[in-house]
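Below, each value reflects all heavy atoms present in this structure, side chains not excepted, and no hydrogens, waters or symmetry copies. The first residue of the sequence shown is numbered 1, and numbering continues consecutively from there. Computed from a predicted structure; not experimentally measured.
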Amino acid sequence: MEVNFTVNGKPARAEIDPAETLLSVLRERLRLTGTKEGCSEGECGACTVLIDGLPVDSCIYAAGAAEGRQIETVEGMTRDDLGRDLQAAFVAAGGVQCGFCTPGFITTLVAVLREDDAPSEEDLRTALAGNICRCTGYSQILDAVAATVAGRNGR
Ligand code: FES
Ligand code: FES
């Protein structure tokens, strides 16, 4: 079957198997390998992309369900002011170590900060509950978000 959607603002089309996941289509057919595959079970968040602005685990999302939708991947975050600010803050704060989890964190956080430009730590921890990082202990990631929020709000 064929699926048509928008990826990072550009139209995309792929021939897919009916059971194929969106993650597979992004990585294997469209060669957008910034989105990572970790658990493949919707538990780790490494595969997070935005669908119509909301974070989704693409490893458990049927590619066919993406028909007509707007997909954003971490590759698109380099063209997004907020995404760029977050990526720079992650590097500066030591929020990137092995980096495997980072695309999922960045995409989730872009969605969060688009909705609320100064979220509480509790809200952030809740929003990030589906994103697992085995390296940083999370405090550097929260530091990176705080730096991003402060920078963007002129504090
Ligand atoms: S690879 Fe999708 S949630 Fe882990
Ligand atoms: S930086 Fe290694 S898993 Fe997060």
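Checked against side-chain hydrogen bond (donor to acceptor under 3.5 Å, both in side chains), D80 has the following partners two or more places apart in sequence or in another chain: R114. Not a single side-chain hydrogen bond (donor to acceptor under 3.5 Å, both in side chains) links T78 to another residue, sequence neighbours left out. For D17, the salt bridge (charged side-chain N to carboxylate O under 4.0 Å, His left out) partners two or more places apart in sequence, or in a different chain, are R29. Listed by chain and number, the residues in a salt bridge (charged side-chain N to carboxylate O under 4.0 Å, His left out) with E122 amount to none (sequence neighbours excluded). For R125, the side-chain contact (heavy atoms from CB on, under 4.5 Å) partners are E121, L142, not counting sequence neighbours. Shown here are the side-chain contact (heavy atoms from CB on, under 4.5 Å) partners of R13, two or more places apart in sequence or in another chain: E2, N4, E15. Considering only residues two or more places apart in sequence or on other chains, E41 meets the side-chain contact (heavy atoms from CB on, under 4.5 Å) condition with C39, E43. Every side-chain contact (heavy atoms from CB on, under 4.5 Å) that A66 has, sequence neighbours left out, goes to F5, L22, Y61, I71.
In this structure, the separation between CG on L128 and SG on C133 is 10.5 Å, given to the nearest 0.5 Å.
The side chain to side chain contact (heavy atoms under 4.5 Å, CB included) with L82 is formed by just one residue from the set L113, D117, I106; it is L113.
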Name the atoms and distances for all side-chain donor-acceptor pairs under 3.5 Å in residues 48-57, with sequence neighbours left out.
{"from": "T48", "atom 1": "OG1", "to": "G45", "atom 2": "O", "distance (Å)": "2.6"}
{"from": "D52", "atom 1": "OD1", "to": "Q70", "atom 2": "N", "distance (Å)": "2.9"}
{"from": "D52", "atom 1": "OD2", "to": "R69", "atom 2": "NH1", "distance (Å)": "2.9"}

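When the side chains of ILVMFWY residues are joined at heavy-atom separations under 4.5 Å, either directly or via intervening members, M1 and L26 end up in a single hydrophobic cluster. Using a 4.5 Å cut-off between side-chain heavy atoms of Ile, Leu, Val, Met, Phe, Trp and Tyr, with links allowed through other members, F100 and L109 fall into different hydrophobic clusters.
Side-chain contact between V145 and V112: absent, with no pair of heavy atoms (C-beta onward) separated by less than 4.5 Å. In this structure, the side chains of V74 and L32 stay at 4.5 Å or more apart for every pair of heavy atoms.
In the displayed structure, E115 atom CD is contacted under 6.0 Å by at most 12 heavy atoms of other residues, nucleotides or ligands.
In this structure a side-chain-to-backbone donor-acceptor pair under 3.5 Å is present from E75 to G34.
Screening residues 81-94 for salt bridge (Lys or Arg N to Asp or Glu O under 4.0 Å), with sequence neighbours left out, gives D81-R84, D85-R152. Counting only residues at least two apart or in different chains, side chain to side chain donor-acceptor pair (under 3.5 Å) contacts with residues 88-113 comprise T108-N131.
Other residues sharing a hydrophobic cluster with I60 under the 4.5 Å side-chain heavy-atom criterion for ILVMFWY residues do not exist; the residue is a singleton.
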